[in-house]
Amino acid sequence: MTKQWAPSMLGRKLTGSVDWQLELSGLQLSLALNGQTHRVNVEEETAYRIKQGLLWTDVTFYPGHRREIKADGLPNAQAASLSEALETALFDKRTREDVAHIQGARQAISQWLDSKAAQEVSAKSDRRWFTSEMQTALIQARPTIDAADVRARMQKPAVKAFLAEAAGGIEGSLDQWAVDHRTFWASLNAAHTERELVDCKNLFDKVESKPLTEEQSRAVICFDNRVQVVASAGSGKTSTMVAKAAYAIDRGIVAPERIVLLAFNESAAEELEERTTKSFERLGMIHVSVRASTFHALGLGIIGKATGQKPDIPDWTTDTTAGFRKLTQIIDELKDASPSFRTNWDMFRCVTPRDLQTSTFNGNDRWDTINGKRVRSQEELFLANWLFFNGVNYRYEEQYRLPTADEDHRQYRPDFYYPDVDLYHEHFALDADGKAPAHFSKTMLRAWSGSANCTRSVGPN
């Protein structure tokens, strides 16, 4: 449908404008002026300007450009219908833009969800652990979507009418995109573990001279790319390593020639190799073997293959005095090159390695902190140094704000006060059973009760 506008005779006379005609056909706005016709697309909103004055409205094509074309004298009453027609045309454009934006977001989400689902299904069907690397890669590939903006666009009546029944599917995609996927992946691995405990029970029962415990079996099944198992002496770490190698081969996770069992010394490496050979025999894995090595030997082998020359071992690696001297040199170079390393090293050297178990105390002993303050025990020394290195503003044994002294007791002085947060910190040196060191007197452990903000720090004797 075509609509037209033109200036009135009075409007031309009073504004000094020549005769002209403006026409809107679809999205094309045409201005016929001085024998020429100029055309712009109404969606290019910077290509034209409609400016209403006191009585007359002017139309400008390409405002601010060298080729600016201006026509004046359109009565404001007619300009209202022009503005309405343009707004209608722009409304259609914005609706299309909203729909395109929503559909683009849905497509990106759907593609990502399809990829995620395919990897999840593959992990389950292949009986594989859904590794941290797989999870991280998916999170990084997850499309960045402003869900609130998408939903706001979907609420516009024209957009809602256009989307119709598809709106429900889009909402569902947004919901799936927004959930905590790592929680689901954790449940995926948990379900995988339960299945493998059943399916691989025969392997777990026969791999060693006695069946693996459930904890050992779970450690074997967990096949993330980096796994740390914390176990005490004699708890079956070697059995778990041997079983993990057998499980990896049995499930086709890793080929035998790509497995290396590492130990810190040669005797432990030899034991690993012997135990693995016997375990494979018990499982009927004939002619299957894996390599066991020390970290040292593995490193030398890798360097030799990479460079074609096996390196000599520096003398300082086997000489304790020279070794410490070399270590000191390396640390000094790192401190000079990295301020953050210097800070962390000083923190480690001055705070972390203190052995609290060997602390001694008598009524006159004091310990100097690294920032020149004196405290009454090595535990408080540890705390004070830690606070200093972490930039925590504190005051040591400052008097409590309320009077507590009486004829039997002095004024209460909590160990630490943090003025920035108005917090008192009383350190009670108690062990796991709530017992104080033998050298602590009852007076030192007198409990404090009051209305102030207070926290207790519990540490070893």
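None of the values given here were measured: they were computed from a predicted structure.
Annotation for E215: atom CD does not count as buried by contact number, only 12 or fewer foreign heavy atoms lying within 6.0 Å. Atom CD of E266 has 12 or fewer neighbouring heavy atoms from other residues, nucleotides or ligands inside a 6.0 Å radius. Applying the 6.0 Å contact sphere to CG of D315 captures no more than 12 heavy atoms from other residues, nucleotides or ligands.
The side chain to side chain contact (heavy atoms under 4.5 Å, CB included) check on Q399 picks up Q411, R413, with sequence neighbours excluded.
Judged by a 6.0 Å distance limit and a 45° cone about the ring axis, K244 is positioned over the six-membered ring of F223.
Side-chain contact check for Y400 and E426: no donor-acceptor pair (N or O, by modelled atom type) lies under 3.5 Å. Under 3.5 Å, the side chains of E379 and H427 contain a donor-acceptor pair of N or O atoms. One side chain, E120 or W185, offers a donor N or O that lies under 3.5 Å from an acceptor on the other. A donor and an acceptor atom, one from each side chain of Q329 and E333, are located under 3.5 Å apart.
Ionic pairing of R151 and E171 is present here: one or more N-O contacts between side-chain nitrogen and carboxylate oxygen are shorter than 4.0 angstrom. In summary, R153 and D149 engage in a salt bridge, as defined by a charged side-chain N under 4.0 Å from a carboxylate O. Ion pairing between a basic and an acidic side chain is recognised when a charged N comes within 4.0 Å of a carboxylate O; D336 and R342 show such pairing. Look at K373 and D368 and you find no salt bridge, because none of the NZ, NE, NH1 or NH2 atoms lies under 4.0 Å from a carboxylate O.
Using bins of under 30°, 30° to 60° and over 60° for the plane-to-plane angle, the ring pair H192/W129 lands in the perpendicular bin.
Aromatic rings from Y417 and Y424 are positioned such that their centres are separated by under 6.0 Å. In this structure, F416 has its ring center under 6.0 Å from that of Y396.
Applying the side-chain hydrogen bond (donor to acceptor under 3.5 Å, both in side chains) test to residues at least two apart or on different chains, the pairs with a partner in residues 195-210 are E196-Y247, E196-R251, K201-D205, E208-S239, E208-R275, E208-S279, E208-R282.
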